[in-house]
Amino acid sequence: MYRYANAVMIGLVLSCTARAEVTVSDAWVRASLPQQRATGAFMKIHSDGERLRLVGASTAVAGVSEIHEMRIENDIARMGPVDGVEIAPGATVELRPGGYHVMLMDLHRALDVGTEVSLELVFEGADGELRRVPVTAAVKPLNMRVGGHRQ
Ligand SMILES: [Cu+2]
């Protein structure tokens, strides 16, 4: 009985890995204050065997979700939308404060520390097909500031 269950499990895992696997870990969202209209979501994204592009995101807590990049130009931090973030096969890309992030704008409510936010990430595979990956992100304090956003 137990052995049978194991065999079924292994079958499921194999059928998943036949398609390249994308793993999202350490996902978090910066907490927001009641009047705040925007915040950022951060995470690590790993692709097992396929070149993927993170091309979009959505969440019920924000009206608009965009993939952004922050960079320093002439000592000034600038950020704005990018078409996508490339995830090379076998690579792990980190979305983090001061770099790539999912920008959540038009927030519908304050995001309180200790709660969770459900996001959906959209990846484009090498075959051009879109893949939607659900992610649960922990809401963490505002003051985790590493070259953060001001808006
Ligand atoms: Cu941004």
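All ligand and atom numbering here is 1-based and tracks the order in the structure.
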Could you tell me whether a side-chain N or O of Thr39 sits under 3.5 Å from a main-chain N or O of Arg30, the two making a donor and an acceptor?
-> yes

Using atom types as modelled and distance alone, determine if a side-chain donor or acceptor of Glu50 lies under 3.5 Å from a backbone N or O of Ala126.
-> yes

N/O/S atom name from His101 that is nearest to the position of the Cu ion (ligand 1) | NE2

Closest N/O/S atom of His68 to the Cu ion (ligand 1), by atom name?
-> ND1

Among Arg96, Met43, Glu69, Met79, the one residue meeting side-chain contact (heavy atoms from CB on, under 4.5 Å) with His101 = Met79

Under a 4.5 Å side-chain heavy-atom rule over Ile, Leu, Val, Met, Phe, Trp and Tyr, are Met103 and Val64 clustered together?
-> yes

With rounding to 10 degrees, Met79 SD, the Cu ion (ligand 1) and Met103 SD define an angle of 120°

Specify whether an N/O/S atom of Met70 falls short of 2.8 Å from the Cu ion (ligand 1).
-> no

